[in-house]
Amino acid sequence: MGSAFRGSRRKVRLLMLIASIFTLLGAVLFAGLAPFSPQTQESQLFRFAAYFGGASVAIFLLRFLLFILPDIVQNRRSPSRRMRREEYASHSGRRARRAQRHPAQATQSGGVLILMLVLVGLIAALLLQSHALIRARSNRQHASQERTRLRQAATEAARVALQRLADDEDLNVDATSETWAVKTEEESPLGIVTRTSIRDEQARFDLNNLAIPPAPGRRSSEDIAMDIQTLCGDFSPAIKTAALRDFMDEDNSGAREGDFYRKLQPPLACPNRPLYGWGEILNVDGWTEEQLARRPREDSFDGFDASLVDHVTLIPVSRTRPIPININTATRETLRAVMGMDQDALVDTVLTLREIRPIRQLDVFSVTAGPGTFDRLQPFLDVRSQYFRVHTEAEQDGRRLGLEVLVKRESNGRVSILQWVEEPT
Ligand SMILES: [Ca+2]
Ligand SMILES: [Ca+2]
């Protein structure tokens with residue numbers, strides 16, 4: 001009877017050990033599969049891994065409490081213990097004594113313990129790794145959602161700005177004192193701050209005007225482009241300006257046309273059309289990032305320290321006539337370059353008159369400039385604008401997203417989008 005009981009006790013004890021190991025293996029399996037499974041199943045698999053891991057530890061503990069602990073206690077209370085202690089006192093170490101008492105059992109228990117420890121370590125490492133993966137994924141998701149919210153806010157701000165341009169009460173004249181030119185900043189109930197500004201692109205000289213040949217009796221775009229570069233401290237702009245003209249004019253007659261760019265290493269294409277952006281201008285022979293960089297005012301000598309990027313633009317539309325500058329919004333440097341460096345009296349008149357109120361008519365200058373000069377300049381001058389650049393920025397918790405939108409406004413106030421660019425962050 002006693003031996004049968006001991007036999008079934010041993011079986012239950014072994015069965016529990018096997019059950020504990022199998023449930024632990026199940027936990028390892030689920031935890032290992034989770035990171036490679038679809039996101040919808042991931043958390044479910046981790047839950048299974050946690051259940052199995054918990055069950056394994058519970059079975060192992062139960063086994064310890066039911067079988068191993070009573071054995072230890074019984075062993076300590078046994079009357080023969082003292083005798084054995086004395087008998088084996090001369091032997092070194094507790095491990096040696098235990099090994100001698102139950103050599104096979106000791107080896108077995110030690111092996112199982114090490115296996116359990118390794119498995120527990122493995123599952124803990126897997127769970128930690130998976131936790132880190134889930135965290136990273138959730139962070140990415142959060143950033144992407146935040147970016148979407150910022151994009152929506154910036155887009156909405158841009159839409160409002162376009163409406164403000166369309167609502168301009170006076171479409172016959174444009175000046176920086178008008179409502180559309182006011183910079184705005186707003187905070188949404190969600191805490192997203194949006195900033196909007198609208199810039200008159202015709203406050204600058206459009207270098208894409210070089211794409212069309214000069215009309216007889218008019219000032220040439222090349223002369224204007226060279227004068228602007230001179231005012232920006234470049235005193236030998238002729239070759240670069242001719243190269244830029246060749247790059248965008250329709251014909252193939254010039255020193256820097258298709259043949260020249262095809263022979264480069266690596267070869268480049270000569271587009272023979274108005275340029276779409278500053279990236280393209282860097283492909284033009286002689287043009288570098290340095291020329292497009294903003295220069296500090298105090299480092300140059302007076303009068304020639306302007307930065308090219310502040311006075312020129314690239315409006316990416318084909319044309320048959322030059323896109324003029326707006327004399328109400330252009331800078332002094334742009335006015336000087338467009339009207340000619342010998343026309344300071346005319347430039348001063350423009351600056352004085354527009355201080356009082358926006359200039360509504362061009363022909364008031366025909367007297368100041370003289371009829372011949374006025375006719376030469378007229379194609380490049382206007383008092384209203386068609387092209388505007390809207391810049392919006394949405395910001396929340398240090399993250400920001402910027403939009404730059406180039407638009408054309410028709411004479412009836414209808415606004416259409418020419419370029420929509422999300423700024424890299
Ligand atoms: Ca206006
Ligand atoms: Ca050409």
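Read the numbers this way: they start at 1 and go in the same order the structure lists the ligands and their atoms.
- The side-chain tip of Arg63 does not point at the ring of Phe67 from less than 6.0 angstrom away and within 45° of straight on.
- Residue contacts to the Ca ion (ligand 1): Val173 brings an N, O or S atom closer than 3.0 Å.
- Under a 4.0 Å N-O distance rule, the pair Arg376/Asp223 does not qualify as a salt bridge.
- Put simply, Met248 stays out of reach of the Ca ion (ligand 2), with no N, O or S atom under 3.0 Å from it.
- Atom O is the N/O/S atom of Asp246 found closest to the Ca ion (ligand 2).
- Between Asp348 and Arg332 a salt bridge is recorded (basic side-chain N to carboxylate O distance below 4.0 Å).
- If you look at Asp251 and ask which of its N, O or S atoms sits nearest the Ca ion (ligand 2), the answer is O.
- Side-chain N/O atoms of Asn209 and Ser221 include no donor and acceptor closer than 3.5 Å.
- Looking only at N/O/S atoms, Asp174 comes nearest to the Ca ion (ligand 1) through OD1.
- Classification of Glu333 and Arg336 as a salt-bridged pair fails, no side-chain N sitting under 4.0 Å from a carboxylate O.
- Note on Asp170: its N/O/S atom closest to the Ca ion (ligand 1) is O.
- The Ca ion (ligand 1) has an N, O or S atom of Asp168 under 3.0 Å away, backbone or side chain.
- A salt bridge does not link Arg384 with Asp168: every distance from a Lys NZ or Arg NE/NH1/NH2 to an Asp or Glu carboxylate oxygen is 4.0 Å or more.
- At the Ca ion (ligand 2), the vertex angle linking OD1 of Asp249 with OE1 of Glu257 is 130° (nearest 10 degrees).
- Residue contacts to the Ca ion (ligand 2): Glu250 brings no N, O or S atom closer than 3.0 Å.
- Not one N or O on the side chain of Asn208 forms a donor-acceptor pair closer than 3.5 Å with the backbone of Pro274.
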